[in-house]
Enquirer: 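Supplied in structure tokens, the structure appears directly below.
Throughout, a chain's letter reflects where its sequence line sits, starting with A, and its residues are numbered from 1. Basis for what follows: all heavy atoms, side chains included, without hydrogens, waters or symmetry-related copies.
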Amino acid sequence: MSKVEGKYNEFTTLPLWNETKKFLTETADITLFGVRFFKEGLKLPLEISETINQCYKIGYKSLPLVGITAFIMGLVFTIQSRPTLQEFGAESWLPAMVSVSIVREIGPVITALICAGKIGSSIGAELGSMKVTEQIDAMEVSGTNPFKYLVVTRIAATTLMVPILSILANAIGIYGSYLGVNIKGVVSFQLFYSQVFEKLMFSDVIPSITKTFFFGFAIGLIGCYKGYHSDKGTEGVGRSANSAVVIASLLVFILDLIAVQITDLFYGL
Amino acid sequence: MDYKEQIQDTVQSNLHKSKGVPVIEIVNLKKSFGNNHVLNGFNLTLYEGENVAVLGKSGSGKSVLIKCIVGLLKQDSGEIRAFGKDILSLNQAELDQIRTKIGFLFQSNALYDSMTVRENLEFPLRRLSIIKTKDEVDDMIQEALENVGLPDTANLMPSELSGGMRKRIGVARTLILKPRVILYDEPTTGLDPITAKEISTLMNTVHKKYNTSSIIISHDMSCLKIVAQRIVLLMQGINYAEGTYDELKNSDDEKVKEFFE
Ligand SMILES: Nc1ncnc2c1ncn2[C@@H]1O[C@H](COP(=O)(O)OP(=O)(O)OP(=O)(O)O)[C@@H](O)[C@H]1O
Ligand SMILES: [Mg+2]
């Protein structure tokens, strides 16, 4: 082996370089996977009934978990915020402040994180085990386009369901907050909601709902990508499910960061 | 066209006359995984109405070979033509079209385990929108299940079936699209001799009933004896030897003999 070659090999086996290369290739692969989603998704016939089936599985079945979490978050957040506001004598601001926080940030992000955990892992594991048991190959060789049947429907379902779950989470969270306000002191339902809606603007609601579509898309995309490219073996399935959750959760935060910048640009927060 | 090619051509066409129309042609197929050179120039022509067996040691690349035929794996070089069309040159739609004409029985069966047996069989029909009415679908499923001798299993889940039953449902699912070519990957491995014989008989019945051609991967000699008209021995990545069961059995080559001991 010549000297130059030796050096070159040394360089290419640097762990950092390898990791960077892997990261970049994977990012490119995921992007292509996303592009393929749009290409296949627009092909007729649309997979309406399977998409609805997935919406039911993904949305309806996550509702209890999302609902309970949102309720508790609203309640706890209100109770925790009260002392600080009390200090400034601004207790009457409690409903408005809490509801704006819930709608802008807590509702969407908590929902997305729960979905990343629950839906991302289940999609990753389901498609992963179909991959390693050659079920996806079996669909492929019967000419039935498994990408459209398995991937397009799931990504479409998460993209549609995460926003809906998030809106419900907002509503439930605000209701939790109402109960939280009422633990000490009495505020009527009407008064509470008039205070909430006085402060809640379209500029809070629209960006918040918009970003949940992206959250949903990211969760579906990562779950499907990881499952579809699962390594052989049971361990591979576990790894797919696991990394689907990790990457999807991380992506939710990154998208959230981008969303807040864009919102700032448009509405000047 | 020079003289040599002309002769080659005549030889080819004579060959076709004697053996029929080629449905699958594999020419000089090469496939490696990293440093693992699995196929090193494999050649095989499958003619219409013919059952060819591919015999070889475990890990010799038999599954890789048939996965290349349906485009699940891409070869490094060499050509595969199915029904006269080069597999690599096809776009997705054309490839899917060809794939519906080629049935594929996986070594692991690959039944869809979240669906019932009925849904497993229905899946390709429904997805390819071949069948319209429910009655027609029911008839086809019943026929397919009766063909494999399991008429009462339609509502069971794959996990509720025994290994041999799963294999047979796998065959039923492969047959439901009425493919012209069937690729069987070890249809009888892991079964008791009686069930293995039943499956072999089933393959023969299918062959006669629907006039299919097939490539059968197996190291089960009793199965090959019943089913295959021609046996190809895959060794060191090439078609090492070729012939009928008796020809290979009486071969002088040590390596060939080993398989028949
Ligand atoms: N996807 C893959 N990636 C890397 N190597 C592979 C892959 N598929 C097969 N191989 C390798 O190719 C070789 C042939 O595998 P193949 O599955 O074709 O064997 P086989 O002849 O079908 O054996 P068996 O009779 O045990 O089923 C093996 O050495 C295997 O390690
Ligand atoms: Mg094999």
Side-chain angles (χ1 to χ4, degrees), chain A residues 32-33 35-54 56-58 61 122-154 157 227-234 236-237, chain B residues 33 63-64 66-73 82 87 90-115 119-130 158-159 166 169-179 181-185:
Chain A
L32 288 180
F33 201 75
V35 170
R36 191 167 165 205
F37 162 79
F38 288 105
K39 260 202 227 152
E40 301 271 357
L42 295 174
K43 264 188 212 159
L44 295 175
L46 299 176
E47 306 276 346
I48 309 259
S49 68
E50 180 59 18
T51 306
I52 292 172
N53 182 20
Q54 288 300 327
Y56 169 78
K57 270 200 199 162
I58 287 169
K61 300 239 163 126
S122 83
I123 291 179
E126 190 185 5
L127 293 193
S129 57
M130 287 186 79
K131 175 76 187 179
V132 301
T133 55
E134 297 184 310
Q135 292 177 52
I136 293 182
D137 286 344
M139 289 184 180
E140 189 97 45
V141 296
S142 56
T144 50
N145 196 347
F147 189 91
K148 209 169 158 215
Y149 180 76
L150 298 172
V151 175
V152 170
T153 55
R154 279 172 177 75
Y228 215 73
H229 296 271
S230 208
D231 295 335
K232 294 278 168 197
T234 327
V237 177
Chain B
F33 298 98
S63 299
V64 170
I66 57 169
K67 280 181 184 167
C68 285
I69 296 176
V70 288
L72 275 181
L73 291 172
I87 289 289
L90 301 175
N91 65 27
Q92 192 63 44
E94 290 166 333
L95 184 60
D96 282 346
Q97 181 61 35
I98 293 259
R99 279 169 168 174
T100 60
K101 292 195 232 165
I102 303 179
F104 195 114
L105 179 69
F106 280 82
Q107 192 166 357
S108 59
N109 302 321
L111 296 181
Y112 309 133
D113 53 18
S114 59
M115 305 182 193
E119 287 162 342
N120 261 280
L121 299 182
E122 236 174 33
F123 186 78
L125 297 176
R126 208 157 29 89
R127 295 281 302 156
L128 299 167
S129 37
I130 295 173
S159 57
R166 265 180 244 169
I169 297 299
V171 176
R173 190 181 66 186
T174 310
L175 294 180
I176 199 140
L177 288 175
K178 304 251 152 64
V181 175
I182 306 178
L183 312 175
Y184 295 97
D185 196 346

Enquirer: For Ile98(B), which residues count as a side-chain contact (heavy atoms from CB on, under 4.5 Å) partner, sequence neighbours excluded?
Expert: Ala82(B), Phe83(B), Lys85(B), Ile87(B), Leu90(B), Ile102(B)
Enquirer: Of the listed residues (Leu105(B), Leu95(B), Asp113(B), Val70(B)), which shares the most heavy-atom pairs with chain A below a 4.5 Å separation?
Expert: Asp113(B)
Enquirer: Got a donor-acceptor contact below 3.5 angstrom from the Glu126(A) side chain to the Ile123(A) backbone?
Expert: no
Enquirer: Non-hydrogen atoms of chain B under 4.5 Å away: do they reach the side chain of Glu50(A), the backbone, both or neither?
Expert: neither
Enquirer: With a 4.5 angstrom heavy-atom cut-off, which part of Lys101(B) approaches chain A: side chain, backbone, both or neither?
Expert: neither
Enquirer: Under a 3.5 Å distance rule, please check whether Lys43(A) uses its side chain to pair with a backbone N or O of Lys148(A) as donor and acceptor.
Expert: no
Enquirer: Between Ser63(B) and Gln107(B), do the side chains contain a donor N or O and an acceptor N or O under 3.5 Å apart?
Expert: yes
Enquirer: Against chain A, label Gln92(B) side chain, backbone, both or neither, depending on which of its atoms sit under 4.5 Å from a heavy atom there.
Expert: side chain
